[in-house]
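Each remark here refers to the structure printed beneath this line.
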Amino acid sequence: MITIIIILKSIVIGALVGFGVGAGAARMFHAPNVQGMGAFRTFGELNACAGDPISHFSFGLGFLFNSWASVVGAGALTQDVDHRVIPNWSAAILLWKNKNVEETLHNPKRMAFAGALVGVVVVTLLNSTATAIPESMQLVATKVLVPAANWLINPIMPIVFWMAALDAGKRTGIWGTVLGGLSHLVMGNAVPGIVLGILIGKGLDDSGWNRITKTMVVAVALLFILSGFFRAFDVALLKSLQVEIPEWLVQLHETFGSAVKK
Amino acid sequence: MNELQAKGFWYSEWAFALFVACLSSGIFAGTHLYYVYHVGAFNDIAIVAMLEAGIKGGGYGAAAAFGASFLFARILEGPLVGILDIGGSLQTGIGIGVPALMLGAGFTAPLTSFPLALATGAVLGLAIGAVIILIRKFTINSVNSTFGADVMMGAGNAAGRYLGPLIVISAIMASIPVGIGATAGAAIFYHYNKPIAGGAIIGAMVLGAIFPIPTQ
């Protein structure tokens with residue numbers, strides 16, 4: 001019974017997701033004049049398959065296996081479903097009959113409907129087979145994939161992004177380092193901070209201190225202050241400096257629903 | 001594609017908000033599936049694990065801060081580079097960050113009810129789409145910077161390459177047969193020019209099915 005409910009809901013979810021992903025992917029080919037949606041790596045990979053339906057299909061298939069192993073192990077479909085499987089399989093379906101990429105892969109309308117179809121099939125297949133997989137294989141996925149993915153998120157990704165920020169120039173290096181370190185302290189992972197550092201550093205390189213870059217710096221500062229407060233970083237900092245935590249700060253945290261341990 | 005063809009509904013700005021709404025609706029409903037049936041979240045294991053830590057009682061702070069900051073960074077970046085990153089903005093922001101914020105604040109209804117999950121995602125997506133279109137209106141003509149999008153995408157691709165070797169190492173630490181399976185699978189996939197992460201996973205699973213990993 002539960003499997004039937006999961007299948008029915010997956011059909012709805014797959015159609016919605018596939019529709020959005022397909023249209024967004026096709027619109028990427030018209031960026032920056034038209035706002036697209038996907039990712040630069042998705043865009044690059046779609047271009048790398050060069051309109052060959054078999055390349056698009058097999059590229060998507062490789063990542064379907066990744067998603068399948070992950071959904072079995074941890075119930076997570078992986079970002080590959082939206083970034084790789086749906087766009088590439090939609091492209092493969094459309095290109096099968098018409099090799100002209102401008103009429104198929106670059107057309108948001110056709111890609112949206114092909115994406116919806118692929119989304120229904122892929123999401124339903126992944127979600128419904130997850131419960132039918134033997135426990136020994138689920139164990140492999142959780143014992144092997146989870147640690148590997150955790151290492152990737154921390155420390156591999158922070159290091160790779162950090163190096164990229166350092167290599168991109170003095171400004172991105174400094175902003176990336178400072179915001180990366182702060183972000184690891186406050187948010188528990190350096191990547192968001194380094195990404196923001198590259199954004200600000202490159203923005204300053206290209207256009208200097210203008211309204212947009214100033215707004216960005218203020219917004220980033222606000223983000224750090226707010227997430228630091230809500231994760232009680234201020235209290236932890238005072239504690240590690242062995243400073244008595246003032247009563248008003250404890251009360252301020254309480255008004256937002258978080259109890260502070262003294 | 002010439003200018004004439006890039007007109008009409010499918011290329012319009014407000015259609016973009018609609019596409020974001022559809023996708024966000026599906027992604028948020030995927031998190032509903034995960035919350036209720038433990039399957040179907042649209043994200044990578046490590047990120048879903050942050051939400052899981054919250055569901056298990058470990059606090060939603062990590063998932064909320066991680067998701068919200070990614071969402072924020074991508075909304076800034078999306079209109080400037082012309083491509084909204086689905087992974088960071090919608091899958092991590094709407095699919096993990098916002099649910100973590102809601103659950104942390106005690107609102108479970110949007111995640112326990114399927115129709116409410118669809119509606120919540122759609123409304124959030126529409127809002128994000130509208131914000132992006134607005135930022136475009138204000139900035140697109142006054143800036144010619146990609147804000148380092150190329151640097152970030154390069155780093156994103158480079159980080160992805162580490163996953164294959166990490167899986168092999170992790171498999172070897174799990175058990176000897178699983179480690180051998182992952183090593184062989186990765187080598188075979190590399191020989192056929194496939195991403196080695198896929199081969200490592202399949203190799204580990206096949207051998208793991210025959211020789212199960214001992215539980216403690």
Side-chain angles (χ1 to χ4, degrees), chain A residues 6 13 16-17 19-20 23-24 28 30-32 34-37 39-41 62 65-66 69-70 74-79 82 108-109 127 130 136-137 139-140 143-153 156-157 160-161 164 168 187-188 192 195-196 198-199 202-203 206-207 223 227 231, chain B residues 1 6 10-11 16 19 22-23 25-26 29-30 34 37-46 48 61-62 65-66 69-70 72-73 82-87 91 114 139 143 145 147-148 151-153 155-159 162-163 166-167 170-171 174 194-195 198 201 204-205 208-209 212-213:
Chain A
I6 291 176
I13 292 170
L16 281 168
V17 166
F19 188 83
M28 285 198 295
H30 308 283
V34 173
Q35 177 70 42
M37 175 163 72
F40 275 91
R41 63 192 147 110
F65 284 129
N66 285 348
S70 165
L77 290 171
T78 78
Q79 296 192 359
D82 286 359
K109 185 182 178 183
N127 283 344
S136 62
M137 290 180 87
L139 201 63
V140 173
K143 291 257 173 164
V144 174
L145 281 182
V146 173
N150 284 338
W151 293 333
L152 185 71
I153 294 276
I156 301 288
M157 269 173 66
V160 172
F161 275 79
M187 298 167 198
V195 167
L196 291 170
I198 296 173
L199 203 70
K202 273 283 169 192
D206 295 342
S207 45
L223 173 79
S227 57
R231 300 196 66 189
Chain B
M1 181 67 71
W10 294 92
Y11 298 92
F16 176 76
F19 299 142
C22 279
L23 182 47
S25 175
Y34 184 80
Y37 308 105
H38 217 81
V39 72
F42 281 94
N43 220 317
D44 295 331
I45 294 174
V48 175
F66 190 77
S69 50
F70 254 83
F72 180 78
I83 296 179
L84 174 69
D85 185 284
I86 294 174
Q91 298 189 129
F114 183 60
T139 61
V143 185
S145 168
F147 289 92
V151 178
M152 293 171 218
M153 297 311 148
N157 286 337
Y162 285 76
L163 189 61
L166 288 176
I167 291 171
S170 176
K194 301 279 174 220
I201 292 169
M205 296 205 102
I213 300 173

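Each chain gets a letter, A, B and so on, in the order its sequence line appears, and its residues count up from 1. In this text, all values refer to a predicted model and were calculated from it rather than measured experimentally.
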Can you tell me which portion of [X] sits under 4.5 Å from chain A's heavy atoms? Options are side chain, backbone, both or neither.
{"X": "Phe16(B)", "result": "both"}
{"X": "Ile201(B)", "result": "side chain"}
{"X": "Ala174(B)", "result": "side chain"}

- Task: Quick one: sort the Phe19(B) and Trp10(B) rings into parallel, tilted or perpendicular, breaks at 30° and 60°.
- Result: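 Judged by the thresholds at 30° and 60°, the geometry between Phe19(B) and Trp10(B) is parallel.
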- Query: So, for Val151(B) and Ala168(A), which heavy atoms are closest and what is the spacing to 0.1 Å?
  - Reply: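 Distance-wise, the nearest heavy atoms are CG2-CB, 3.8 Å.
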- Taking all non-hydrogen atoms of both residues, which atom of Ser170(B) and which atom of Lys143(A) are closest, and how far apart?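 The answer is OG-O, 3.6 Å.
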- Item | Asn43(B) (side chain) donor-acceptor with Val48(B) (main chain) under 3.5 angstrom |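 Between the backbone of Val48(B) and the side chain of Asn43(B) there is no qualifying donor-acceptor contact (under 3.5 Å).
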- Message: Below 4.5 Å, heavy-atom pairs only: which of Ala209(B), Cys22(B), Gly208(B) has the largest tally toward chain A?
- Response: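 Among the listed options, the one with the most contacts to chain A is Cys22(B).
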- Considering only heavy atoms, which portion of Leu196(A) lies under 4.5 Å from any heavy atom of chain B: side chain, backbone, both, or neither?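 Looking at Leu196(A), just its side chain touches chain B.
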- Within a strict 4.5 Å, meaning less than it, do heavy atoms of the Phe114(B) and Ile13(A) side chains meet?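 Counting from C-beta outward, Phe114(B) and Ile13(A) do come under 4.5 Å.
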